[in-house]
Number of protein chains: 2
Amino acid sequence: MGIDVLVVDDERLIRAGLRAIIDAEPDLRVVGEASDGAEVPGQVARLRPDVVLMDVRMPRLDGIQATRSLLAGAAPPKVVVVTTFENDEYVYDALRAGASGFLLKRTRPEEILQAIRMVAHGDTLLFPAAIRALAAEHARPAGNGADWHRRLTEREADVLRLVAKGRSNAEIARELFVSPQTVKTHVGNVLAKLQARDRTQAVILAYETGFIAPG
Amino acid sequence: MGIDVLVVDDERLIRAGLRAIIDAEPDLRVVGEASDGAEVPGQVARLRPDVVLMDVRMPRLDGIQATRSLLAGAAPPKVVVVTTFENDEYVYDALRAGASGFLLKRTRPEEILQAIRMVAHGDTLLFPAAIRALAAEHARPAGNGADWHRRLTEREADVLRLVAKGRSNAEIARELFVSPQTVKTHVGNVLAKLQARDRTQAVILAYETGFIAPG
DNA sequence: GCCGCCCTCCCCCGTGCGGGGGAGCGGGCC
DNA sequence: GGCCCGCTCCCCCGCACGGGGGAGGGCGGC
């Protein structure tokens, strides 16, 4: 019961964001992270995840090679390759290497979660599906069902939204009718939960994970 | 010669980003800004812009009403309505109100510029065009032809890219093999050019204007 | 030649920010 | 009743950050 996920990405920021999103789900769990394709086989052998969420571009050993070597082993996990652009030439290589699917990094959180569940149950996400997901993203009005709210409390989410609008702590305090100290507490909690060093990194995570949408 | 543009948006950040993009073009010029639909008629009468770039959602008087009142006047400017989602119900109202076109905020800078030129020359941007622009956005690999490079020097753009990755000044200094003071200088210049108060706002602008893409 | 821009580096200074504590209060759960 | 948790507010502290200057070298345009 429950799907164990290994997150592989060379960007610490992205890993933190994905972890936050995934761990918010009751049926999903991040059992480990790797920052490099070369670390993947060891982590997989040790942690035995059900699904590996793997970035394409990484130093040393890229996601394609890592996928290939993984799938060659015994009882391999499902692999979802995460890429930035859908016409990335790596995508075709990823499918040939045996990936069960791939996602765009700009995909909305709930779609990432759905994708993990799908491949865990044996489904395959094909190229057009990613396109459709993308289209669906834009078809959705403002009902962005971002999901790490469950990790962030409502108040913390309020604060993050304002941080992501460029507001200072003092401004946020005025807008929320609380003291600056309170805002500092919330911001501190947000940073801790997102594993961000400062508000700038928090904003980046908010954009990268779809907590807020550009435009 | 040259197209005069009035930028209307309640978000100071967005206005600054659009101004930076537009003013970088030799044939375009931002002659003024308005933060509210109610300010628009006065600004138009005073500045007589060729094109008004107008946000839909604004306090007091929204972009639709502002467009309607503008088009009712003598020698009205062309109006391009800027919206967040293409299925926004306001869009149809905008076209009925007499807008010459509309854009998605997530549209790439160069497409925004092209749109301004098109409507100034009497062309009309229809709904499908926005969709196509959107599709084209994703079809484009990494060749993001962001345009405010002309305002930002190359070095400044380098620094902004790293700032937008969450790096501290010291980290940027190490990565670029220069002293922290130099980085501070560049960051300061970037903030000034983007009219951003701090690095957090600069990152927001970078995302909102498409200087960097999420994912 | 000179001027202007870009890149580099330096000083000082104030402060917003983030980390470390702690604390009171309400509501929900057991 | 006790416990946990979210929200609120407070202290202290160190430091990275941003604003204000200035300065020198390289390079291209006028």
Side-chain angles (χ1 to χ4, degrees), chain A residues 12-13 16-17 20 23-24 26 146-206 211, chain B residues 12-13 16-17 20 23-26 146-206:
Chain A
R12 186 182 143 283
L13 234 42
D23 274 342
D147 253 324
W148 59 3
H149 295 118
R150 273 171 241 174
R151 296 213 80 188
L152 259 38
T153 66
E154 273 194 47
R155 210 51 168 166
E156 285 160 0
D158 290 341
V159 170
L160 177 55
R161 266 185 287 273
L162 290 170
V163 168
K165 286 197 163 197
R167 306 285 200 276
S168 70
N169 288 342
E171 288 169 344
I172 294 172
R174 283 194 292 274
E175 291 187 46
L176 296 184
F177 301 105
V178 295
S179 92
Q181 272 76 0
T182 301
V183 175
K184 284 186 60 174
T185 302
H186 288 317
V187 170
N189 290 337
V190 168
L191 296 184
K193 287 184 178 177
L194 300 189
Q195 297 177 43
R197 183 175 54 193
D198 51 41
R199 62 208 295 110
T200 304
Q201 289 191 350
V203 168
I204 294 168
L205 271 173
F211 178 77
Chain B
R12 186 184 144 283
L13 233 42
D23 274 342
E25 296 299 296
D147 255 323
W148 59 2
H149 295 118
R150 272 171 242 175
R151 295 215 82 188
L152 259 39
T153 67
E154 272 194 48
R155 211 49 169 165
E156 286 161 358
D158 291 341
V159 170
L160 177 54
R161 266 186 286 274
L162 290 170
V163 167
K165 286 197 162 196
R167 306 285 201 276
S168 69
N169 287 344
E171 288 169 344
I172 294 172
R174 283 195 292 274
E175 291 186 48
L176 296 183
F177 302 105
V178 295
S179 93
Q181 328 302 8
T182 302
V183 175
K184 284 186 59 175
T185 302
H186 289 316
V187 170
N189 290 337
V190 168
L191 296 184
K193 286 183 179 178
L194 300 189
Q195 299 176 44
R197 183 175 52 194
D198 51 42
R199 63 207 296 111
T200 304
Q201 290 192 351
V203 168
I204 293 169
L205 271 172

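Because the structure is predicted, anything quoted here is derived from the model rather than measured. Just so it is clear: chains get the letters A, B, ... in the order the sequence lines come, proteins before strands, and each one is counted from 1.
Here the P atom of nucleotide D:dG19 and the CD atom of B:Gln181 are 16 Å apart, to the nearest Å. Taking atom CD on B:Gln201 and atom P on C:dC17, their separation rounds to 10 Å, with Å as the unit. Here C:dC6 presents its C1' atom at 11 Å from CD of B:Glu154, a figure rounded to the nearest Å. One can place CD1 of B:Ile172 at 17 Å from C1' of C:dC9, the figure rounded to the nearest angstrom.
At least one side-chain nitrogen or oxygen of B:His186 sits closer than 4.0 Å to the OP1 or OP2 atom of C:dT8. At the phosphate of C:dC9, OP1 or OP2 sits under 4.0 Å from a side-chain N or O atom of B:Thr182. Between A:Asn169 and the phosphate of C:dC17, there is a side-chain N or O to OP1/OP2 separation shorter than 4.0 Å.
If you check D:dT8, D:dC17, D:dC12 against the side chain of A:Val178, the one that comes closest is D:dT8. The side chain of A:Ser168 has C:dC17 as its nearest neighbour among D:dC7, C:dC17, C:dG18. Distances from the side chain of A:Thr153 to the nucleotides D:dC7, C:dG19, D:dC11 place D:dC7 closest. Between C:dC9, C:dG19, C:dC17, one nucleotide has an atom nearer to the side chain of A:Leu191 than all others, and that is C:dG19. Looking at the side chain of B:Arg155, the nearest of the listed nucleotides C:dT8, C:dC17, D:dC17 is C:dT8.
Between B:Val183 and A:Lys184, it is B:Val183 whose nearest contact on DNA chain C lies nearer the 5' terminus.
Side-chain contact of B:Arg155 with B:Asn189: a donor-acceptor pair under 3.5 Å is absent, judged by distance alone.
At distances below 3.5 Å, at least one donor-acceptor pair connects side-chain atoms of A:Gln201 with backbone N or O atoms of B:Gly166. A distance-only check finds no donor-acceptor pair linking the side chain of A:Asp158 to the backbone of A:Arg161 [under 3.5 Å]. A donor-acceptor pair under 3.5 Å is absent between the side-chain atoms of B:Glu175 and the main chain of B:Ile172, judged by distance alone.
In the interface, the side chain of B:Thr185 is paired with the base of C:dC9 through a donor and an acceptor atom under 3.5 Å apart.
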